[in-house]
Amino acid sequence: MRKYLIAANWKMNLNKTEAISLAKEIDKDTNPLNSNVDVTICSPYIHIPELIDYLMYSAISVGAQNCNENEKGAFTGEISSEMIKSYGCEYVIIGHSERRQIYNENNELINEKIKIALKNELKVILCIGESLEERKSDKTNLILNSQLKEALVNITSDLIENIIIAYEPIWAIGTGITPTLSEINETHNAIRNYLIEIFGSKGINTPILYGGSLNDKNASDILKIKEVNGGLIGGASLNSDSFVKIVKIAESYTEL
Ligand code: PGA
């Protein structure tokens with residue numbers, strides 16, 4: 001069985017005091033050192049150094065929510081993947097639908113970001129997802145496959161080991177609405193088949209997370225689905241009780 005990854009996406013929330021106290025609560029109530037579940041907090045950049053210090057002896061890792069596609073240079077206001085790595089982050093989210101929609105990131109740019117993040121030895125959480133219109137017109141698999149194909153250009157099968165896919169239907173993010181369990185099951189199976197088609201047997205092990213209104217109420221059903229290997233959690237990760245409950249549900253499915 002693949003190890004679950006439960007990833008918090010804090011987005012642009014929490015001031016310094018709030019961020020540290022939420023991390024403390026999550027750390028106190030989870031014990032990933034003794035568990036078969038990986039837990040990571042993808043934080044706003046500015047909190048990363050403090051979180052890394054605070055979580056130094058914890059098994060909870062820290063991630064970023066984005067990175068620039070260049071190595072370094074005159075890109076005012078940007079953060080490079082090398083900087084992120086140098087602070088001790090393990091993960092970086094790339095291609096979140098908010099970045100695609102609000103900041104016009106396309107698959108080509110996302111591919112550049114993935115390549116530089118992998119070069120700097122970060123694990124990439126690559127987000128893909130369809131709009132409601134695309135789902136209603138039966139284009140979901142077509143859209144997801146083209147997002148995967150274009151975002152993963154020149155990513156060889158040995159590099160895919162450091163990539164995690166997060167399937168996040170755009171219409172489910174922050175709305176309280178999720179696809180049905182059978183839709184999630186079908187879509188994750190289709191993603192799995194496509195990964196195997198591109199990467200052969202290496203595609204079998206790529207974790208596929210579900211994201212979009214995942215919470216402590218629906219996590220037991222969603223995480224039970226065979227090809228759901230964890231979750232990317234926005235709103236429910238801002239509350240330690242609900243986030244910890246989701247971690248515990250994943251733990252209960254992977255007793256050591
Ligand atoms: P949500 O966000 O859990 O608040 O729907 C998920 C995400 O955007 O990663």
Side-chain angles (χ1 to χ4, degrees), residues 4-14 18-19 22-23 26 37-45 47-48 60-67 89-105 110 113-114 117 122-132 134-135 140 143-144 147-148 151 163-181 183-184 187-188 191 207-223 225 228-250:
Y4 280 94
L5 170 63
I6 303 296
N9 176 9
W10 282 355
K11 308 192 181 184
M12 197 178 75
N13 291 296
L14 310 169
E18 291 163 346
L22 180 55
I26 293 172
V37 176
D38 286 328
V39 179
T40 194
I41 296 175
C42 297
S43 156
Y45 294 132
H47 302 316
I48 287 174
I60 300 176
S61 63
V62 179
Q65 300 169 11
N66 182 30
C67 66
C89 282
E90 194 169 334
Y91 296 93
V92 59
I93 299 174
I94 296 182
H96 190 281
S97 65
E98 286 151 17
R99 302 244 23 122
R100 291 178 190 257
Q101 292 190 309
I102 307 169
Y103 301 98
N104 297 321
E105 294 195 4
I110 289 165
K113 292 187 175 199
I114 293 176
L122 289 165
K123 291 184 190 147
V124 169
I125 301 177
L126 166 62
C127 299
I128 57 171
E130 83 287 359
S131 66
L132 189 55
E134 287 158 350
R135 160 110 2 219
T140 300
I143 294 294
L144 299 181
Q147 288 175 343
L148 285 172
I163 295 185
I164 293 109
I165 307 297
Y167 167 55
E168 299 206 307
I170 300 169
W171 49 278
I173 295 177
T175 57
I177 303 167
T178 62
T180 63
L181 296 176
E183 284 170 333
I184 297 177
T187 309
H188 277 240
I191 295 170
I208 308 172
L209 314 183
Y210 171 79
S213 296
L214 186 61
N215 59 37
D216 54 320
K217 308 280 182 309
N218 57 26
S220 31
D221 287 333
I222 293 176
L223 293 176
I225 298 171
V228 173
N229 312 121
L232 181 57
I233 300 139
S237 75
L238 296 172
N239 175 294
S240 70
D241 281 352
S242 33
F243 187 69
V244 168
K245 272 188 198 150
I246 301 170
V247 174
K248 302 259 181 230
I249 290 165

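Counting convention: from 1, in listed order, for ligands and their atoms alike. As the structure is a prediction and not an experimental result, all values here were calculated from the model.
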Inset, instruction - List every atom of ligand 1 that sits less than 4.0 Å from any heavy atom of K11, numbering the atoms from 1 in the order shown and giving each element. - result: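 What qualifies from ligand 1 is 2 (O), 7 (C), 8 (O).
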Inset, instruction - Any atoms of ligand 1 less than 4.0 Å from a non-hydrogen atom of G212? List them with their elements. - result: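 With G212 as reference, the close atoms of ligand 1 come out as 5 (O).
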Quick one: does [X] get an N or O within less than 3.5 Å of an N or O on ligand 1?
X    : result
H96  : yes
G234 : yes
G235 : yes

Legend entry - Nearest atoms (heavy-atom pairs only) where Y91 meets I164: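 Reported closest heavy-atom pair: CE2-CD1, 3.6 Å.
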Sub-4.0 Å heavy-atom contact, [X] with ligand 1:
X    : answer
G211 : no
A172 : yes
G174 : yes

Inset, instruction - Could you give me the CA-CA distance, side-chain angles and deciding distance for T40 and S61, then say whether side chain to side chain donor-acceptor pair (under 3.5 Å) is met? - result: CA-CA 5 Å; T40 194; S61 63; 2.9 Å; yes
Legend entry - Nearest-neighbour protein heavy atom for atom 7 (C) of ligand 1, which is reported as residue plus atom name and distance: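 Nearest neighbour among protein heavy atoms for atom 7 (C) of ligand 1, to 0.1 Å: E168 OE2, 3.2 Å.
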Legend entry - Close side-chain approach of I93 to C42, heavy-atom, < 4.5 Å: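 Touching, per the 4.5 Å side-chain cut-off.
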Inset, instruction - Look at the aromatic rings of Y167 and H188 and report parallel, tilted or perpendicular, splitting at 30° and 60°. - result: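 The rings of Y167 and H188 stand perpendicular, inter-plane angle above 60°.
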Inset, instruction - Taking R100 for its side chain and G95 for its backbone only, find out whether a donor-acceptor pair lies under 3.5 Å. - result: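 Flag set: sc R100 to bb G95 pair under 3.5 Å.
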Inset, instruction - Would you give the length of the straight line joining atom CD of Q65 to atom CE of M12, rounded to the nearest 0.5 angstrom? - result: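 Q65 CD to M12 CE: 10.0 Å, rounded to 0.5 Å.
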Legend entry - Rounded distance [0.5 Å steps], CG in N229 versus CG in L223: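 It comes to 9.5 Å.
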Inset, instruction - Report the part of I173 (side chain from C-beta onward, or backbone N, CA, C, O) that has a heavy atom under 4.0 Å from ligand 1; answer both or neither where that applies. - result: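 Near ligand 1, I173 shows its backbone as well as its side chain.
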